[in-house]
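Below is one structure, written out as structure tokens; comments come after it.
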Amino acid sequence: MGTIMTVHYKLVFMREENHMENRILTNTVIIAFQRHLIEQEKSAATVEKYLRDVRAFFAFAGKSIVEKELVMGYKNRLMEKGYAVRSINSMLASLNSLLSFLGWEDCKVKSLKMQRQTYCAEEKELTKTEYMRLLDASKNQLQLNLIMQTICSTGIRISELSYFTIEAIRHGEIVVSCKGKTRTILLPGKLRKRLLDYAEKKKIQKGVIFCTRSGRALNRSNIWFQMKKLCQAAGVKQSKVFPHNLRKLFARTFYRIEKDIAKLADLLGHSSINTTRIYIMTTGTEHRRKIERLGLVV
């Protein structure tokens with residue numbers, strides 16, 4: 001059914017394009033692209049991100065004919081606005097995906113070149129001590145407390161919380177399907193016990209364990225907002241407090257103990273070890289300390 005719908009949308013905007021004899025973006029085109037992403041089994045978060053980026057270009061382009069020069073102008077506009085190189089490249093990747101979908105390959109632009117960063121900004125790295133302070137600040141918010149422990153002790157993506165069902169937790173293994181890959185997450189014994197105790201206390205007998213009062217799975221915005229409210233009580237900068245940083249803390253902690261980046265990539269569900277390397281970067285302070293230990297200044 002989905003394929004038929006995509007073909008329908010493609011035929012519609014192809015007729016539009018033939019009629020106008022120009023490459024002009026329309027809402028119909030964007031809807032067709034959305035259907036294409038869904039059929040490619042992109043995650044809901046990925047689809048949302050691609051569409052956000054494409055609509056930003058749509059707003060920039062207006063009724064202009066889409067040509068290489070226009071796309072390059074958009075790239076320059078992003079640079080002028082002061083976006084980080086990584087952010088610009090991410091937005092261009094979404095836009096290039098749309099252009100490939102439309103067959104407008106000649107309009108695609110190259111990403112910005114950047115030297116691989118060897119350490120991360122200290123104001124963005126969540127330390128284990130700060131994580132513990134967040135847990136202490138949330139001790140009266142049991143659901144949020146357990147969500148943070150679940151993400152940080154397993155390294156899952158926040159979108160993967162929906163796979164934590166009572167049945168899977170009892171089994172001690174969570175089978176996650178994300179971004180076209182399936183992997184099995186083994187629960188630490190302590191976490192499994194605490195989650196089952198929580199389920200018993202809340203009288204949750206089946207289905208997703210972390211849900212709203214109406215029984216629906218929590219979304220990332222709810223969790224993000226609740227975590228931000230902990231910052232003042234925990235004495236942790238807001239720039240460090242968001243769900244994905246818990247996943248990164250898991251990665252750094254695991255790597256310090258095991259020193260096995262390939263195994264860590266498997267645990268995180270990464271297709272490329274280069275992505276995993278980003279997760280395990282240390283801060284500039286720690287990097288400087290290591291350089292000073294070389295003893296090359298007399």
Side-chain angles (χ1 to χ4, degrees), residues 2 5-6 9-10 12-13 16 23-68 70-105 107-112 114 124 151 156-162 178-181 216-228 238-239 241-248 269-272 275 278-279:
M5 290 183 70
T6 294
Y9 280 123
K10 291 188 79 169
V12 169
F13 73 70
E16 288 184 358
R23 293 176 172 180
I24 298 176
L25 286 181
T26 65
N27 281 316
T28 305
V29 171
I30 294 177
I31 292 171
F33 180 56
Q34 180 180 14
R35 294 299 312 174
H36 168 72
L37 293 173
I38 293 171
E39 288 174 10
Q40 292 294 309
E41 299 184 8
K42 302 292 185 184
S43 69
T46 299
V47 173
E48 180 184 347
K49 193 267 180 194
Y50 273 41
L51 292 178
R52 184 170 62 249
D53 292 343
V54 165
R55 288 187 180 118
F57 175 73
F58 183 29
F60 171 82
K63 297 295 184 180
S64 300
I65 297 172
V66 178
E67 298 176 319
K68 180 69 172 275
L70 179 70
V71 182
M72 290 176 64
Y74 179 65
K75 177 180 176 180
N76 290 332
R77 174 68 64 84
L78 294 176
M79 295 168 63
E80 290 168 1
K81 285 188 172 183
Y83 284 103
V85 172
R86 195 180 303 280
S87 297
I88 293 175
N89 286 343
S90 177
M91 288 184 272
L92 292 179
S94 301
L95 179 54
N96 282 338
S97 179
L98 170 69
L99 296 173
S100 291
F101 169 69
L102 296 173
W104 301 350
E105 299 285 346
C107 294
K108 292 168 64 174
V109 293
K110 294 181 179 179
S111 59
L112 299 176
M114 57 182 290
K124 291 184 179 179
I151 296 173
I156 62 165
R157 301 175 177 90
I158 189 171
S159 61
E160 295 169 342
L161 279 173
S162 60
C178 185
K179 299 190 176 183
K181 299 183 291 291
R216 293 186 298 178
L218 288 171
N219 61 47
R220 69 180 64 232
S221 60
N222 288 336
I223 298 169
W224 184 91
F225 180 73
Q226 290 181 54
M227 285 182 63
K228 291 292 184 183
Q238 285 204 359
S239 61
V241 181
F242 49 93
H244 197 66
N245 245 7
L246 299 175
R247 178 166 153 88
K248 288 187 173 181
H270 287 161
S271 299
S272 170
T275 304
I278 297 171
Y279 279 56

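By convention here, the first residue in the shown sequence is residue 1. Computed from a predicted model, the values in this text were never measured in an experiment.
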Straight-line distance of L95 CG to Y74 OH, nearest 0.5 Å = 7.0 Å
Residues passing the side-chain hydrogen bond (donor to acceptor under 3.5 Å, both in side chains) test with K108, sequence neighbours excluded, are S100, E105
May I ask you to test the V66-F58 pair for a side-chain heavy-atom distance under 4.5 Å?
-> no
Rounded distance (nearest 0.5 Å) linking atom CG of N96 with atom CH2 of W104 = 13.0 Å
Which value, rounded to the nearest 0.5 Å, describes the distance between L25 atom CG and L102 atom CG?
-> 7.0 Å
Value for CD (Q40) from OG (S97), rounded to nearest 0.5 Å, stands at 8.5 Å
Atom CG in L92, atom CG in L112: separation rounded to 0.5 Å?
-> 6.5 Å
How many angstroms lie between CG in L51 and OG1 in T46, if you round to the nearest 0.5 Å?
-> 10.5 Å
Does atom CZ of R77 have more than 12 heavy-atom neighbours, drawn from other residues, nucleotides or ligands, at distances under 6.0 Å?
-> no
Pair up each side-chain donor or acceptor in residues 220-227 with any protein partner under 3.5 Å, not counting sequence neighbours, and list the distances.
| from | atom 1 | to | atom 2 | distance (Å) |
| --- | --- | --- | --- | --- |
| S221 | OG | N219 | OD1 | 2.6 |
| N222 | ND2 | N219 | OD1 | 3.4 |

Kindly indicate whether the side chain of R23, heavy atoms from C-beta on, has any atom under 4.5 Å from the side chain of E67.
-> no
Atom CZ of F60: over 12 foreign heavy atoms under 6.0 Å | yes
